[in-house]
Student: 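Following this message is one structure expressed as structure tokens.
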Protein chains: 2
Amino acid sequence: MTLSEEDYIKAIYHLGKGENRMVSTNALSESMETKPSSVTDMVRKLSEKGVAHYKKYKGVCLTENGQKIALALIRKHRLWEVFLVDSLNFSWDEVHEVAEQLEHIKSEKLIDELDKLLGYPQVDPHGDPIPSKKGEFKKAIKKLLNEVPVGSRGICVGVKDSSGPFLKFLDKNKIALGDAITVLDKEEFDGSLHIKIKDRKMQISDQIATNLYLKITE
Amino acid sequence: MTLSEEDYIKAIYHLGKGENRMVSTNALSESMETKPSSVTDMVRKLSEKGVAHYKKYKGVCLTENGQKIALALIRKHRLWEVFLVDSLNFSWDEVHEVAEQLEHIKSEKLIDELDKLLGYPQVDPHGDPIPSKKGEFKKAIKKLLNEVPVGSRGICVGVKDSSGPFLKFLDKNKIALGDAITVLDKEEFDGSLHIKIKDRKMQISDQIATNLYLKITE
DNA sequence: AATTAAATTTAGACAAAACTAAAAATATGT
DNA sequence: ACATATTTTTAGTTTTGTCTAAATTTAATT
Ligand SMILES: [Mn+2]
Ligand SMILES: [Mn+2]
Ligand SMILES: [Mn+2]
Ligand SMILES: [Mn+2]
């Protein structure tokens, strides 16, 4: 597969939202930042290569084989992201662009060894699960911190309230996107949470918890 | 620069043998495994881009700017090779193909951090020097082990006598290509050498020393 | 010096991956 | 149901990097 073909396969997979839904030409066009006519040409080619099912005017989805390729790419992308953050001091928001290049490097051994070096991580720095070599993984869901059971672990991936005061509050309390959070306990009385965030323990009110998104796998 | 352009620039550099000699179309063609006509097109393009000097029928060499690009690529290639061997358990002879891909990844921070992670190595697993960020490096020379002064350090990169018995001898004594060797002392009487090879000390006869090539930098 | 050989360039073609402009199919609104 | 709007495809170009075949220049040999 060429670099371009690989990026299209990944995009079809992601737009298919986990299960293999039909993806429209325009959706792909927007996601790939190419014109719809270019998409038509490409999906036809992918179809001829046996990695996608394409029906004129009806959209495209991946074949079994196409899904395997997509998962292998996602595995590589996310392992590289872990490497960049854990070993090379990249931050949460710097990794994507580089991983987008690294995911295309062809070497089975490279990825196996990288996986080993990193200690077989289960999730990437954004809280997204890393498929196994066989393509298996638990899917990640995004939930508000107050809806999640005690004991859950995940990554802080967003805010519901994006007002200035709230963001300032987060900054002051050193809560940032990308931080790993574990819910240790919940006070039934007022709904406040005891959490561990980046190896540091703290307590947050229910009002804060209802405005923070956590990405958890399983 | 595109991937192809980068590979041509590197090839021009290497065929120019350290100092910027004129490189023939056919030499490039052979090195790049493309036809001479393709080379003509490419060097003309590189010339228009200001990274090479090209005179019809006379050959091509790099401009200042072209040399900078070449050295940056070589730096990346060799740092990745060190990473593959030191961190990912690749062996000496497995790294080149993968490094050939990795060298094209675009990210300044990636290379700086990789350099730091690896402890600012001076040579790659083949004993070739790694240019600094500014493009400085000492050039490597290949010498027979018996011609090298006491104290020299380098990498075993070849044999002069490639007969069966000699290779068997090396195998039995666990001397292999890619091994790091330091010359500790020399017996004036018979020319035999005390060496450290891969953290292990041993003594080798002059006859062995005259048939092993060492790549040393400086 | 003339002829032959080798190296190099030109001319024309092709596949990949993109584009624009126009045509065709599908969806939407009254 | 019909007209309009949106989506998608077709047709024809472009750029990049390669190729083959033929022409041209340079080198080598008699
Ligand atoms: Mn990519
Ligand atoms: Mn990610
Ligand atoms: Mn390369
Ligand atoms: Mn090397």
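Because the structure is predicted, anything quoted here is derived from the model rather than measured. Chain A is the first sequence line, chain B the second, and so forth, proteins listed ahead of strands; every chain is numbered from 1.
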Student: Measure CD/Glu33(A) against P/dA18(C) and give the value in whole Å, please.
Tutor: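 Distance, rounded to whole Å: 12 Å.
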Student: For His104(A) and Asp7(A), does a side-chain donor sit closer than 3.5 Å to a side-chain acceptor?
Tutor: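 Present: a donor and an acceptor within the cut-off.
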Student: Rounding to a whole Å, what distance do you find between Glu48(B):CD and dT16(D):C1'?
Tutor: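 Rounded to whole Å, this separation is 13 Å.
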Student: Decide whether Ser163(B) and Asp161(B) meet the rule of one side-chain donor and one side-chain acceptor closer than 3.5 Å.
Tutor: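 There is such a pair (donor and acceptor under 3.5 Å, judged by atom type) between the side chains of Ser163(B) and Asp161(B).
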Student: Could you tell me how far apart Met42(B) (CE) and dT8(C) (C1') are, to the nearest whole angstrom?
Tutor: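 For the pair Met42(B) CE and dT8(C) C1', the rounded distance is 17 Å.
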Student: Arg44(A) side chain N/O closer than 4.0 Å to the phosphate oxygens (OP1, OP2) of dT10(D)?
Tutor: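 Affirmative; the distance criterion is met.
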Student: So does Lys76(B) pair up with Glu6(B), basic N to acidic O under 4.0 Å?
Tutor: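 Salt bridge flag = no for Glu6(B) with Lys76(B).
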Student: Indicate whether OP1 or OP2 belonging to dT10(D) is found under 4.0 Å from a side-chain N or O atom of Lys56(A).
Tutor: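 For dT10(D), OP1/OP2 do have a side-chain N/O of Lys56(A) under 4.0 Å.
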Student: Side-chain N or O of Tyr54(A) versus OP1/OP2 of dT9(D): is the shortest distance under 4.0 Å?
Tutor: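 It does, given that an N or O in the side chain of Tyr54(A) lies less than 4.0 Å from OP1 or OP2 of dT9(D).
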Student: Leu3(B) CG to dT16(D) C1': how many Å, rounded?
Tutor: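 Atom-to-atom, Leu3(B) to dT16(D), this comes out as 12 Å.
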Student: Quick one: is dA18(C) close enough that its OP1 or OP2 comes under 4.0 Å of any side-chain N or O from Ser38(A)?
Tutor: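 Negative; the distance criterion is not met.
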Student: If the threshold is 4.0 Å, N to carboxylate O, is there a salt bridge linking Glu81(B) and Arg78(B)?
Tutor: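 Salt bridge between Glu81(B) and Arg78(B), a charged N being under 4.0 Å from a carboxylate O: no.
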Student: Does Thr25(A) place a side-chain N or O at less than 4.0 Å from the phosphate oxygens OP1/OP2 of dT7(D)?
Tutor: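 Checking dT7(D) against Thr25(A), no side-chain N or O comes under 4.0 Å of OP1 or OP2.
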Student: Applying side-chain contact (heavy atoms from CB on, under 4.5 Å) between Cys156(A) and each of Leu145(A), Ile181(A), Ile195(A), report the one that passes.
Tutor: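 Testing Cys156(A) for a side-chain contact (heavy atoms from CB on, under 4.5 Å) against Leu145(A), Ile181(A), Ile195(A) leaves exactly one candidate, Ile181(A).
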Student: Give the rounded distance in Å between these two atoms: CG of Asp41(B) and P of dC14(C).
Tutor: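 Taking CG of Asp41(B) and P of dC14(C), I get 16 Å after rounding.
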Student: Does dT8(D) have OP1 or OP2 sitting under 4.0 Å from an N or O in the side chain of Asn26(A)?
Tutor: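 True: Asn26(A) side-chain N/O within range (under 4.0 Å) of dT8(D) OP1/OP2.
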Student: Whether Ser37(A) contacts dA18(C) is assessed here as follows: a side-chain N or O lying under 4.0 Å from the phosphate OP1 or OP2. Is that the case?
Tutor: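 Answer no for this pair, as no side-chain N or O of Ser37(A) is under 4.0 Å from OP1 or OP2.
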Student: Hey, which sits more toward the 5' end of DNA chain C by its nearest nucleotide, Lys35(A) or Ser24(B)?
Tutor: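 The answer here is Ser24(B).
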Student: Reading DNA chain C from 5' onward, which residue's closest nucleotide shows up sooner: Tyr57(A) or Met32(A)?
Tutor: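 Counting from the 5' end, the first nearest nucleotide belongs to Met32(A).
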Student: In whole Å, what is the span from the CD atom of Glu30(A) to the P atom of dT8(D)?
Tutor: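 Checked: the CD to P distance equals 12 Å.
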Student: By nearest atom, which of the nucleotides dC19(C), dA25(C), dT8(C) is closest to the Thr40(B) side chain?
Tutor: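 Of the options given, the side chain of Thr40(B) lies nearest dT8(C).
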Student: For dA18(C), take OP1 and OP2 only and decide whether either is under 4.0 Å from a side-chain N or O of Tyr8(A).
Tutor: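 So the side chain of Tyr8(A) is within the cut-off, an N or O lying under 4.0 Å from OP1 or OP2 of dA18(C).
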